[in-house]
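Convention: sequence-line order gives letters A, B, ...; per-chain numbering from 1. Being a predicted model, the structure only gives us computed values, none of them experimental.
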Amino acid sequence: MADAVLFEFLHTEMVAELWARDPDPGPGGQKMNLSVLEGMGFRVGQALGERLPREMLAFREELDVLKFLCKDLWVAVFQKQMDSLRTNHQATSLPQGTYVLQDNSFPLLIRMASGLQYLEEAPKFLAFTCGLLRGTLSTLGVKSLVTASVAALPTCKFQVVIQKS
Amino acid sequence: MSRQANRGTESKKMSSELFTLTYGALVTQLCKDYENDEDVNKQLDKMGYNIGVRLIEDFLARSNVGRCHDFRETADVIAKVAFKMYLGITPSITSWSPAGDEFSLILENNPLVDFVELPDNHSSLIYSNLLCGVLRGALEMVQMAVEAKFVQDTLKGDGVTEIRMRFIRRIEDNLPAGEE
């Protein structure tokens, strides 16, 4: 059984490696590297989802799926639960079927300084996890778009927008 | 409640697979990015090295092992403490050279390769090469220059996975220029 810290070390190295090859990618280049990380996270998320037994996948409501992500998936991947889950089903600025998952001390950001330093670097450390969420949702039969934002390290928010088919 | 119990076990299982699944995604991505297996192997070794030089601090902090006096002690610590702590397995140590500067780690099963099959066009790929880099980087931080390489691999049809470790030399601390 692989120790949890191995994933953190590997993730950090993956972020460094994908950037090292193009130290100054420019705005277009940066997106490409973020989407590579996101894609890898997606495949891992799918695979994690596929390993769940059938009974676990019988979620009654969309909200149950999101709670699963916030509790079971987050504990499995980061040894802690998501700190808050907010939904927005009213017709406000956010589209319907939008959920905001907030982690106040996201483990992949913890090792970096807290506050506003490294704010620019933060997206690189979130891309894989966005993909992970999207991939697990996909296996659970939910199509989504997942983005992340950081106002101050190590707190971050993952925005999950469910795509209605 | 049975649903709670189920949840706990599933979390644990997912957690242990996270590293191996992520590693698999990385190798897949590198195979796409680099044209030949040799370059992928080099990249895995380099990334492993970068991880190793930092992992050693985590290891020393958590394991309370003291300084090793010789390569035999080092071998024991690697197999019985480090591999156990990080990968949950204890490789056996075999095939010591007469001079005591080379040994083999035998892994009955390699957790990195669960569910992995090498496609035909990647016969030179050393899938788990990250491990060699990790060993090399970690040991360098404790003043040992070593070479680590796979000589048997279950992914290639061998019965076991074998990593050959060779002690090259002790690394003396370099004083910064200007210090006498």
Which residues in residues 136-149 of chain B have a heavy atom less than 4.5 Å from any heavy atom of chain A? none
Going through the distances and angles, do B:Tyr86 and B:Asp58 end up as a side chain to side chain donor-acceptor pair (under 3.5 Å)? CA-CA 10 Å; B:Tyr86 291 111; B:Asp58 180 83; 2.5 Å; yes
Side chains of A:Asp103 and A:Trp74, donor plus acceptor under 3.5 Å: yes
Quick check against the 3.5 Å criterion: does B:Asp39 have a side-chain atom that pairs as donor or acceptor with the backbone of B:Tyr34? no
Do A:Phe125 and A:Phe106 have ring centres separated by under 6.0 Å? no
When rounded to the nearest 0.5 Å, the distance separating CD of A:Gln102 from SG of A:Cys156 is 8.0 Å
Okay, A:Phe128 and chain B: the region with an atom under 4.5 Å from a heavy atom over there is side chain
Measure the shortest side-chain to side-chain distance between A:Val15 and A:Asn33 over non-hydrogen atoms and say whether it is less than 4.5 angstrom. no
